[in-house]
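For reference, the structure discussed in these notes is given below.
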Amino acid sequence: MFSKKTQQKAPSLTAKHLINCKVVPLRHSILAMLPKNAIVAEIGVLGGDWSDKIIKNTTPEKLVLIDTFCSNDYPHLKRFTKNSHFDFINSKFSTPSIDIRKGLSWECLSEFEENTFDWIYVDAAHDYKSVKKDLVEVHRVLKPNGYIIMNDYIMHDHIMKEDYGVVQATNEFMLDNNFEMLCFALHPDMFCDVLIKEIPTQ
Ligand SMILES: C[S@@+](CC[C@H](N)C(=O)[O-])C[C@H]1O[C@@H](n2cnc3c(N)ncnc32)[C@H](O)[C@@H]1O
């Protein structure tokens, strides 16, 4: 069943945005391409399962976890409810190197100074307007030569039957800010990740 609403198309990238792009089987491969012992943020945390992978594989010096923390857990796990989400994450990650921020992603990011982060994983709201707002703040707080990973680089969630704006917002951001794609990570349901970085000036 296709959505009857016409989706806004994503602007096309050009060869210069893709020339260095590697395709990998899963998002886990991207972690090996990122700096270790870095200053990192994950935007959209849910149960902290991906945060665990970030910590294990990249040992960040500082990890900022941002979420509204008012979601239910995956139905098959049921580790927390909307009411206990924040407490669950706080007790799971109670260590000084992890900074937990509760609120809308772009508002939480606005609390940080520019050029703070080495890399940022973006996986909060997936609608176009929210991703645009996230990317404005992500760009502001990212260090020069920092990396952004956009999760769910897909036009439509075929499981929840919901349009996403991640591809449109990401491509616009790359074109406007001269970013290239360094990695495209496949996913079994095609909820792919992309790793992007500013194109170095020669
Ligand atoms: C897909 S889950 C994140 C999954 C996690 N990154 C992982 O890979 O395991 C999305 C999370 O984003 C949060 N979220 C959605 N919209 C948000 C927003 N505007 N600001 C902050 N968090 C948001 C939800 O509460 C949810 O926990």
Side-chain angles (χ1 to χ4, degrees), residues 24-34 40-58 60 63-93 98-112 117 119-141 147-170 173 183-196:
V24 297
L26 290 168
R27 65 175 173 165
H28 303 71
S29 303
I30 290 182
L31 293 177
M33 302 169 74
L34 293 164
V40 178
E42 184 186 10
I43 302 174
V45 175
L46 198 63
D49 305 303
W50 188 241
S51 326
D52 282 336
K53 303 262 187 255
I54 291 174
I55 294 163
K56 185 161 180 264
N57 290 280
T58 75
L63 176 61
V64 177
L65 299 178
I66 295 173
D67 201 298
T68 48
F69 294 117
C70 55
S71 295
N72 289 316
D73 196 9
Y74 298 111
H76 64 286
L77 291 176
K78 289 201 182 97
R79 295 165 294 185
F80 53 84
T81 62
K82 286 178 180 182
N83 292 333
S84 59
H85 188 179
F86 190 50
D87 291 343
F88 174 84
I89 289 295
N90 264 309
S91 52
K92 179 169 175 164
F93 296 112
I98 301 188
D99 177 356
I100 299 168
R101 302 283 177 117
K102 178 173 163 57
L104 289 169
S105 41
W106 51 87
E107 289 181 4
C108 291
L109 284 171
S110 73
E111 293 161 5
F112 291 89
F117 294 96
W119 56 273
I120 302 180
Y121 191 86
V122 183
D123 186 16
H126 295 81
D127 63 283
Y128 176 74
K129 283 189 180 159
S130 298
V131 182
K132 288 288 274 189
K133 283 194 266 188
D134 275 345
L135 280 170
V136 169
E137 282 303 313
V138 163
H139 195 205
R140 191 185 63 79
V141 297
Y147 297 85
I148 304 171
I149 306 97
M150 300 299 296
N151 177 255
D152 294 327
Y153 186 81
I154 187 171
M155 300 291 287
H156 184 79
D157 179 340
H158 48 282
I159 296 167
M160 300 304 287
K161 314 284 179 220
E162 202 182 310
D163 283 342
Y164 280 2
V166 180
V167 181
Q168 296 93 327
T170 302
F173 175 83
C183 190
F184 187 99
L186 296 168
H187 177 275
D189 288 314
M190 288 307 279
F191 290 97
C192 302
D193 281 34
V194 293
L195 171 65
I196 63 174

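Ligands are counted one by one from 1 in listed order, and the atoms in each one are counted from 1 as well. Not measured: the values here are computed from a predicted model.
Atom CZ of F86 and atom OG of S91 lie 10.5 Å apart (nearest 0.5 Å). Here the CD1-CD1 distance, from I120 to I66, works out to 7.5 Å after rounding to the nearest 0.5 Å.
Residues that satisfy the ring-ring contact (aromatic ring centres under 6.0 Å, His included) test with Y147, not counting sequence neighbours, are absent from this structure.
The contact shell of ligand 1, taken as protein residues with any non-hydrogen atom closer than 4.0 angstrom, comprises R27, E42, G44, V45, L46, W50, D67, T68, S71, H85, G103, L104, S105, W106, D123, A124, A125.
Checked against a 6.0 Å centroid threshold, the rings of Y164 and H158 do not count as neighbours.
Using bins of under 30°, 30° to 60° and over 60° for the plane-to-plane angle, the ring pair F80/F88 lands in the tilted bin.
Y128 and D163 share no side-chain donor-acceptor pair at under 3.5 Å.
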